Amino acid sequence: MLYFSIMNKVVATAVRFSQLFGKTMRQAPAGADTAAHQLMLRAGMINQLAAGTYTILPFGLHAYQNVERIIREEMAAGGAQEILMPALQPIELWEQSGRKDAFGPTLFQVKDRKDRMLALGPTHEEVVTTLVGQTIQSYRDLPLILYQIQTKFRDEARPRAGLVRVREFAMKDAYSFDQNEAGLEDSYDRMYKAYANIYKRCGVPAIPVDADSGAIGGKASVEWILKSDTGEDEVIKCPSCAYAANAEKASGTVPQRVKEDEKPTEEVATPGKSTIIDVSAFLKIEYSQTLKAVFYSADKQVIFVIIRGDLDVNEIKLKNLLKATELRIANDQEVARAGLVPGYASPIGVSGVKIIADESIKMGSNFVTGANKVGFHIKNVNYPRDFKADAVTDIAKISAGHGCPKCGAKLESFRGVEVGHLFKLGTVYSQKMGAFFLDKDGARVPALMGCYGIGVGRLLAMVVEQNRDEKGIIWPKEVAPFDVHLVALNIEQEPVRQAAEKLLSELQGAGLSVLYDDRSETPGVKFNDADLLGLPIRVTVSPRTLQKSSAELKLRTESQNRLVGLGEALASIKGS
RNA sequence: CGGGGUGUAGCUCAGACUGGCAGAGCGCUUGGUUUGGGACCAAGAAGUCGCAGGUUCAAAUCCUGUCACCCCGACCA
């Protein structure tokens, strides 16, 4: 690792601020709402071309390439080899894996001059598995971990928050191939550790949480999440044990209700009361004393979902249960056509519609449900006495306050941004794309795969988001675009210029990269830009410091500065 | 795809209701005075008011259409 660092530091860059392409801005352009997005724009790191597409400018690119370097070093340490696969991929590959439909409109498709369809790769499982299938023959060729840093294209419905969600972005994607479960475990573990190191070195406290594997398929899946109010994901976490999961995936225990003796059903008039809130208030009962009916359309088929009134449906769980490709709330026409009455629906006596019930309908008794006619509900409904369901299973969305599945403590929830995702894929792709090998017994078997992704730009955005104050960015050492911000005040004065340039070449000679502020700006402008750009060490040379034959050193993380003699400046800087 | 919002100088925005010479701050250029936390004075350059059509003597402003961008939701390896 040290070897690589030295390799990269050999080309110690020095850039003059007056020549740097990309200006700092006092105000961020309108439309940048998140702190990281604003800072990246103000610091001249990025420029937006269109929705979800950005140019990375020089100052940003220095940091970007540092992130890539860290990723490459940790991949190498984890035993992965780098390749580079095409972004342009025959659509047939996507038909072969069945993911053309799974991705749907998110998949960018282009036509070549012969009218052949090509996909702009949103990810590379198809290509890498085909490649490995062509290459490996024997178990002796395994284990194998390949990775690349390649541009991905995804026609996102809504790009947002600068580099956090974009349509064209560089992603490091790694793929492991093993001959058995133990091998997969080992490869997965190596990548897990590599990811932990990457986040640590990038200065972001990402935590691993259980996740749904979504359209990519496979069994186990872990997302690395950064806690952030601007996040798109909701994370459920236990405060007293290690349990953490994406809310899409989270399990847990919902509040119990005391079982009572079952009473006879009774119809009550509830005029105009069609929501759980209204009905509960009207009948003076708790939400958990009611049963909520929700209608979904799963691949065009109407599904009747019944769940206790205080809970919500976890649509990912439901989608997985139904093995549906498309799941959405049914519209009024679909509900009416199925003979159901929105607001007053009940599973009692319903036929011809698939009924999926959450386990919570068994936790409690004498529930209130709709009466399947407008203006009426039924009291004292009990399962299975009064209605049947095609399935009774866990489809409840776990929220803050519910019980931890591991230790029972009250769960907490927070928003977060996904900065990495690990999957144990198994043989899904190797079967479909033909990545087989001969095992020790001479049997032809599919390779066991894992895949591991991390978005470079998104990670960089999160480095900024997690390392800043009201004045600007505070770069972690390893990601910082430059090591040193050299500020010359009153640079028109020849002694100042000479002292600054001398220090500059000393720093460069010592292998440090330097941003040299050689502009004729006032001290205020220079210091504020230094704070905004946030390099780890600021070194100031001015008539005032030269009177004492010194330079001033200040760390971005500290408010104090100190004077050091010009002769010892280099040593002090290196020691900071 | 549903809801909301915004398009005027490089950036942030006013002007629109009530049609009548295209504006301010920041930034930029030139000269001067300044110089340790976003200086000051003076003189300048800079806009197809998103685009198209319509109404009108006259449109940034009113009407119709359209495009782009942002936010919330849906979606999202």
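The shown structure was predicted, so the numbers you read here are calculated from the model rather than taken from an experiment. In the text below, chain A, chain B and the rest are named by the order of the sequence lines, each starting its count at 1.
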Can you check the distance between [N] and [M], where both ends of the measurement are the [atom1] atom (answer in whole Å)?
N     : M     : atom1 : answer
B:U34 : B:C72 : C1'   : 50 Å
B:A22 : B:A59 : P     : 11 Å
B:U6  : B:U12 : C1'   : 14 Å
B:A14 : B:A52 : C1'   : 27 Å
B:G38 : B:U61 : C1'   : 36 Å
B:U56 : B:C62 : C1'   : 10 Å
B:C51 : B:A68 : C1'   : 10 Å
B:C13 : B:C57 : P     : 37 Å

d([atom1], [X]; [atom2], [N]) in whole Å:
X        : N     : atom1 : atom2 : answer
A:Glu234 : B:C76 : CD    : C1'   : 16 Å
A:Leu41  : B:C26 : CG    : P     : 22 Å
A:Phe153 : B:C76 : CZ    : C1'   : 18 Å
A:Asn47  : B:G10 : CG    : P     : 14 Å
A:Arg99  : B:C76 : CZ    : P     : 14 Å
A:Phe21  : B:G10 : CZ    : P     : 15 Å
A:Lys23  : B:G10 : NZ    : C1'   : 9 Å

Sequence neighbours excluded, which residues qualify as salt bridge (Lys or Arg N to Asp or Glu O under 4.0 Å) partners of A:Glu465?
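Result, salt bridge (Lys or Arg N to Asp or Glu O under 4.0 Å) vs A:Glu465: none returned.
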Salt bridge (Lys or Arg N to Asp or Glu O under 4.0 Å) with A:Arg556: which residues, sequence neighbours excluded?
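Here the qualifying residues are A:Asp469.
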Complementary nucleotide for [N] - Watson-Crick or wobble, under 3.5 Å:
N     : value
B:G25 : B:C11
B:G2  : B:C72
B:G38 : none
B:C57 : B:G20
B:G65 : B:C51

Please tell me whether [X] and [Y] have a donor and an acceptor in their side chains that are separated by less than 3.5 angstrom.
X        : Y        : value
A:Thr53  : A:Glu168 : no
A:Tyr188 : A:Ser176 : no
A:Tyr195 : A:Arg190 : no

side-chain contact (heavy atoms from CB on, under 4.5 Å) with A:Ser572: which residues, sequence neighbours excluded?
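So A:Ser572 forms a side-chain contact (heavy atoms from CB on, under 4.5 Å) with A:Leu553, A:Arg562, A:Val564, A:Glu568.
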Which atoms of nucleotides 69-74 of chain B (N or O only) lie under 3.5 Å from a protein N or O atom, and what are those distances?
unit_1	atom_1	unit_2	atom_2	d
B:C69	OP1	A:Ala51	N	3.0
B:C69	O3'	A:Gln48	NE2	3.4
B:C70	OP1	A:Gln48	NE2	2.9
B:C70	O3'	A:Gly31	O	3.4
B:C71	OP1	A:Ala161	N	3.4
B:C72	OP2	A:Arg158	NH1	2.9
B:C72	OP2	A:Arg158	NH2	2.6

For A:Gln560, I'd like to know if atom CD has over 12 heavy atoms of other residues, nucleotides or ligands within 6.0 Å.
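No.
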Taking atom CD as the centre, does A:Gln81 end up with more than 12 heavy-atom neighbours from other residues, nucleotides or ligands that are less than 6.0 angstrom away?
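Open: at most 12 neighbouring heavy atoms sit under 6.0 Å from CD of A:Gln81.
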Can you give the donor-acceptor pairs under 3.5 Å from side chains of residues 456-463 of chain A to other protein atoms, not counting sequence neighbours?
unit_1	atom_1	unit_2	atom_2	d
A:Arg458	NE	A:Val164	O	2.7
A:Arg458	NH1	A:Glu418	O	2.7
A:Arg458	NH2	A:Val164	O	3.0

Summary of protein contacts for nucleotides 31-47 of chain B, nucleotide by nucleotide, where a base hit scores B, a sugar-phosphate-only hit scores S (4.0 Å, heavy atoms):
----BBBBB--------
Any idea how A:Tyr192 and A:Trp224 line up, ring-wise: parallel (<30°), tilted (30 to 60°), or perpendicular (>60°)?
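Tilted.
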